[in-house]
Protein chains: 2
Amino acid sequence: MTLDGLAPHGGGADALARRLARALLAGRWQPGDPFPKELDLCAHFAVSRNQVRNALTSLTATGLIERTAGRGTVVRPVAEWHLLDPLISDWMTGIDSLDPTLVREIFAFRYSAEPTLARLAATAAEADDLQRLEAAFEGMTRTAGDPDTQGLHAEYDVAFHDAIYRASHNLVWRQMGHLLRPSIIALIHSSQAHVREEHDSLDDSLSRHGRVLEAIRRRDAEGAEHAACEVLRRTAIDLGIVAETADAH
Amino acid sequence: MTLDGLAPHGGGADALARRLARALLAGRWQPGDPFPKELDLCAHFAVSRNQVRNALTSLTATGLIERTAGRGTVVRPVAEWHLLDPLISDWMTGIDSLDPTLVREIFAFRYSAEPTLARLAATAAEADDLQRLEAAFEGMTRTAGDPDTQGLHAEYDVAFHDAIYRASHNLVWRQMGHLLRPSIIALIHSSQAHVREEHDSLDDSLSRHGRVLEAIRRRDAEGAEHAACEVLRRTAIDLGIVAETADAH
DNA sequence: GATTGCCAAAATGTCAGACATTTAATAGGC
DNA sequence: GCCTATTAAATGTCTGACATTTTGGCAATC
């Protein structure tokens, strides 16, 4: 695979890393494929070898590629990408053609983890956590339904879930909040695709978020876990991952 | 805080990064403290500026430090360290004086996550997953009790839990297996500290691991979750995090 | 004919020095 | 007293040369 079609360059080394990373995340190269040599990249983007090396260092640090002296650079298998690295999350946001497998993997994780997490948050949340949750929920409510504020709505959605991660008051859980942004952005693109009864779906999603907030506020671990389950089920339906079914719990 | 007391240098840039990272992880600098300048590091370790810069790039990528042109380098707050980065896990292993707060945070995460994870593994495990679990368990059994093989025993312990993470067949969960090694190594050091009735404790731990394996083998999600709970409770007692109590479930 | 040894080419890694850029502090002028 | 220009110090970048590692080819040898 060559570099044909990659637009010329317009920023520093970070921008170059971002550009290359997004091409990788979009599946432009297959795992095991050789990656372009440093000098080719220098020529193609008309930048110094330094910038190229800095960019490649980032890609190496996140596990996207592997470099060995003399042999060259190859693309690593997806299973070894550091999906939890904030850099990766950053690069994923705003990609319109993110690998659907990846989206499903991330969502599957959230589906299994967030109920437990909500339970944790219900027992550990403090005043400022509740404040963050309420602010995010208020923002979601305010920006719902209006196509103009769709991007903003997604940001509040991210903030809401991130507030739950933070409310766990655990350093490890907190790190995982980074996964939310790409996951939720993908949701938007996806739900834009199948433009079905969007209005009902949004109202439904909102009220379910509200029930999570309520449960956490009254320190109801059981209720928070259940409500989070409901939010995720709604989201799964909107993502087209599972079919709409009756409540299983 | 200066560089006094850091031994001279004996490897490449990776070794230097490791050395500095471990000093950071051990709490040698406080968050917000200024980090030594590039040229000081060059002088102290007698290496080129390139190696220093490469090492500092790693520390920056993992969120340990923050660098800004003109101002210098400062240590970032612990909450922003990328604990899920494999590099950090690598650096943490073998540290004898790891910050106890960090150990507790990581263990608290495992305590909340691994039961859910075990449930997942029970439904998703395939033949090779079971094989890995059995091999690790066999290794644990074989190396139990003998002080000579204590290190090996820990490795099998790590392999056992990592096999559970892998058995989830989810890319995100799988990444988190990296947290295990530092957590379990810390357990050893800790249990070496309070040398109490070690023998009973080991037997008990082994049999609990065995019950997790059994539950996963017969695809018993409920049982696996419960058994994992028991393993973690035993571990928590050995770590001195919680007192020994009657079964809560 | 298969193996070994050696050399050359290609790729990444490292070095050293100069220069650029950003930031903070400081001295002057009004 | 306040604003500005200067300076110093730190990180960032560029460049060219050199080092190291890997691969492949070629030839000599058994």
Side-chain angles (χ1 to χ4, degrees), chain A residues 1-3 8-21 23-24 29-76 80 87 90, chain B residues 1-3 8-21 23-24 29-76 80 87 90:
Chain A
M1 180 62 64
T2 71
L3 288 166
H9 189 52
D14 289 354
L16 180 56
R18 184 183 182 79
R19 178 179 312 253
L20 294 174
L24 279 163
W29 288 276
Q30 293 303 308
D33 282 359
F35 200 75
K37 341 273 181 202
E38 289 183 354
L39 296 179
D40 292 348
L41 292 168
C42 291
H44 185 82
F45 293 108
V47 297
S48 73
R49 191 171 161 222
N50 233 330
Q51 288 199 32
V52 169
R53 281 186 64 78
N54 286 343
L56 294 183
T57 297
S58 287
L59 301 191
T60 305
T62 48
L64 295 184
I65 61 176
E66 181 176 10
R67 323 186 64 201
T68 53
R71 216 152 57 90
T73 304
V74 298
V75 178
R76 296 185 69 185
E80 291 170 19
L87 263 184
D90 182 35
Chain B
M1 181 61 66
T2 70
L3 288 168
H9 189 49
D14 289 355
L16 180 56
R18 183 183 183 78
R19 178 178 313 250
L20 294 173
L24 279 163
W29 288 276
Q30 292 304 307
D33 282 358
F35 200 76
K37 341 274 182 200
E38 290 182 355
L39 295 178
D40 291 348
L41 292 169
C42 291
H44 185 81
F45 293 106
V47 296
S48 73
R49 192 173 159 219
N50 233 329
Q51 289 200 31
V52 168
R53 280 186 64 77
N54 286 343
L56 294 182
T57 298
S58 286
L59 301 191
T60 306
T62 49
L64 295 184
I65 61 175
E66 181 175 10
R67 322 187 63 202
T68 52
R71 217 153 56 91
T73 304
V74 298
V75 178
R76 296 184 66 182
E80 292 171 19
L87 262 183
D90 182 35

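In what follows, chains are A, B, ... by sequence order, proteins preceding strands, each numbered from 1. Quick note: numbers below take in every heavy atom, side chains included, and nothing from hydrogens, waters or symmetry partners.
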Between A/Gly70 and B/Leu56, which is nearer to the 5' end of DNA chain D once each is assigned its nearest nucleotide? B/Leu56
May I ask you to evaluate whether B/Gln51 reaches the phosphate of C/dT14, defined as a side-chain N or O under 4.0 Å from OP1 or OP2? no
May I have the distance from A/Arg71 (atom CZ) to C/dT12 (atom P), rounded to whole angstrom? 11 Å
Would you say that more than 12 heavy atoms from the other residues, nucleotides or ligands in this model lie under 6.0 Å from the CZ of B/Arg18, or not? yes
The helix from C/dG1-D/dC30 to C/dC30-D/dG1: angle between terminal helix axes, five bp per end, to the nearest 10 degrees, reads 10°
When only distance counts, do a donor and an acceptor, one from the side chain of B/Arg49 and one from the base of D/dG12, lie under 3.5 Å apart? yes
Give the nucleotide from the list C/dT22, C/dC15, C/dT12 with an atom nearest to the side chain of B/Ala69. C/dT22
Nearest to the side chain of A/Asn50, which nucleotide is it out of D/dT11, C/dC15, D/dC14? D/dC14
Integer-rounded Å distance: C/dT12 C1' and A/Ile65 CD1: 11 Å
In whole angstroms, the gap separating P of C/dC15 from CG of B/Leu16 amounts to 11 Å
Gap between atoms CG and P, on A/Leu59 and C/dT12 respectively (whole Å): 13 Å
Under 4.0 Å from OP1 or OP2 of D/dT13: is there any side-chain N or O of A/Asn54 that close? yes
Identify which nucleotide among C/dG13, D/dT22, D/dA10 has an atom closest to any side-chain atom of B/Lys37, counting heavy atoms from C-beta outward. D/dA10
Nearest-nucleotide wise, let me know which of A/Thr68 and B/Arg67 is further upstream toward the 5' end of DNA chain D. B/Arg67
Measure from CG on A/Leu39 to P on C/dA10 and round the result to the nearest Å. 11 Å
Looking at B/Arg67, I want to see if its CZ is surrounded by more than 12 non-hydrogen atoms of other residues, nucleotides or ligands under 6.0 Å. yes
B/Ala13 and B/Asn54 have their tightest heavy-atom pair at CB-CB, 3.9 Å
Expected list for residues 56-66 of chain B: side-chain donor-acceptor pairs under 3.5 angstrom, two or more places apart:
residue : atom : partner : partner atom : Å
B/Thr57 : OG1  : B/Arg53 : O            : 2.7
B/Thr60 : OG1  : B/Leu56 : O            : 2.7
B/Thr62 : OG1  : B/Ser58 : O            : 3.0
B/Thr62 : OG1  : B/Leu59 : O            : 3.1

Heavy-atom closest pair (A/Arg76 atom, A/Pro31 atom, distance to 0.1 Å) is O-CB, 3.9 Å
Within-4.5 Å side-chain heavy-atom neighbours: A/Phe45 and A/Arg19: yes
Roughly, in whole Å, what's the span from CD in B/Glu38 to C1' in C/dT22? 14 Å
In whole angstroms, the gap separating P of D/dA10 from CG of B/Leu41 amounts to 12 Å
All heavy atoms of A/Trp29 vs all of A/Pro34, minimum pair found to be CD1-O, 4.1 Å
Name the closest nucleotide to the B/Arg53 side chain, picking from D/dT11, D/dT23, D/dT21. D/dT11
